[in-house]
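Notes follow the structure.
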Amino acid sequence: MIVGNRKPFEEILEMVKPFKKILLLGCRECITVCAAGGEREVGVLASELKMARAKDGQEIEIKEFTLERQCDYEFIDQIKPFIDDYEAVVSMACGAGIQYTAEHYPSKIVLPAINTTFLGVTLEQGVWSERCQGCGECVLHLTGGVCPVARCAKSLFNGPCGGSASGKCEVNKDTDCAWQLIVDRLKTLGQLDRYEDFIPAKDWKPSRDGGPRTRVREDLRLC
Amino acid sequence: MRLNYPTFIKIIKVPCTGRVDILTLLKAFEAGVDGAYVAGCMEGECHFLKGNIRARKRVEYAKTLLAEVGIEPERLEMYNLSAAQGARFAAIANEMAEKIRSLGPSPLKKAKAAFVA
Ligand code: SF4
Ligand code: SF4
């Protein structure tokens, strides 16, 4: 799932400074699961904003609304009947949802309340960890199911580097060295011979280097 | 026991402090209370095992939110006591009331008064 953090409160407060009526828009998908921008976080931010503004004698009217998915044409129209009653939208979706809302309502100011950070997993309640960077050409079959792109600080394809020490990455002593994990897993799988295979330089075009990506399934299209 | 505690303290009953949500706490402050505290069972004695531990964590988190907003976090506290500790209940109520008195009314109330005046 996509994982994000709510922006610091001060930053959000500053963004909404010019407005008296805002629509605070959450999303019920990934950003709800990582407890950053779901219905509850919308409630908390609304409450904080109302208190901070009331304290300064600058009351603010906030409509709280949470869409099933903010990144999907099927749901984005739900705010159409009332969006114009508000001067700006503060979106608590991931970067994709925030942009999709802005795209659909071009004359509306749409502000981000979330710093979108990574594609990851829930390790335990309240703890999320990065796993994938959407590189467009997965190599997990070569690397024991551990991603060298997202989990190695240098995205090395033939690691580890000289900074790997006691299983930890030189970038941060709390971070596992991805290549240690890869070697360990290959051992567990009885595939350590694969470690001898040289993995050629990656073609980064299917990744971000080829520019923004679009996916089309012609058979599914209605037009 | 006939112990006294300040009459302006309103008690909201919950089945377990584990039921207390961050939003419940924030909404109280939004409504203009000067202070609030959560009175949970002794640690290790929760009937639902961890309700009071979770409540404490939420209170700590809600305090950081209040601080962000500019409301003194000391206006919100968590206490642990057992149902048999009537004297402690009264002492906590008095202690909290004293603390809130020294802090004065909630900044939200002060702002509203200034706005109206
Ligand atoms: S190799 Fe690419 S697609 Fe596969 S997990 Fe890593 S970043 Fe994601
Ligand atoms: S120590 Fe390991 S994870 Fe860190 S940069 Fe080097 S190979 Fe990558």
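Every chain is numbered from 1 and lettered A, B, ... according to where its sequence line falls, protein lines coming before strand lines.
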**Item:** Inter-residue atom distance A:S47.OG - B:I22.CD1, 0.5 Å rounding
**Value:**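 The OG atom of A:S47 sits 11.0 Å away from the CD1 atom of B:I22.
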**Atom pair CE/CD1 of A:M51 and B:I71 - distance to nearest 0.5 Å** =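 Those atoms lie 5.0 Å apart.
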Near [X] [atom1], under 6.0 Å, is it more than 12 heavy atoms from other residues, nucleotides or ligands?
| X | atom1 | result |
| --- | --- | --- |
| B:I12 | CD1 | no |
| B:Y61 | OH | no |
| B:H47 | NE2 | no |
| A:K21 | NZ | yes |
| A:E39 | CD | no |
| A:R69 | CZ | yes |
| A:K20 | NZ | no |

**Message:** Using every non-hydrogen atom in the two residues, find where B:L108 and A:A54 come nearest and quote the distance to one decimal.
**Reply:**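 What the structure gives for the nearest pair is CD2-CB, 4.0 Å.
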**Heavy-atom closest pair, residues A:K55 and B:A111** =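 Heavy atoms of A:K55 and B:A111 come nearest at O-CB, 3.0 Å.
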**Request:** Would you please test B:L66 and A:E48 for side-chain contact (heavy atoms from CB on, under 4.5 Å) and show each step?
**Result:** CA-CA 8 Å; B:L66 289 178; A:E48 280 193 87; over 6 Å; no
**Message:** Counting C-beta onward and ignoring hydrogens, is there a side-chain heavy-atom pair between B:E68 and A:E10 closer than 4.5 Å?
**Reply:**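 Of all side-chain heavy-atom pairs linking A:E10 with B:E68, none is under 4.5 Å.
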**Request:** For each of B:S106, B:A62, B:G32, B:G70, tally heavy-atom pairs with chain A at distances under 4.5 Å, and name the one with the top tally.
**Result:**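 Winner by heavy-atom pair count: B:G70.
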**Asked** Heavy-atom distance under 4.5 Å to chain A: side chain of B:L26, backbone, both or neither?
**Response**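 Its backbone and side chain both get close to chain A.
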**Message:** Does any backbone or side-chain atom of A:K50 lie under 4.5 Å from a heavy atom of chain B? Answer side chain, backbone, both or neither.
**Reply:**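 For A:K50, the side chain is the part near chain B, not the backbone.
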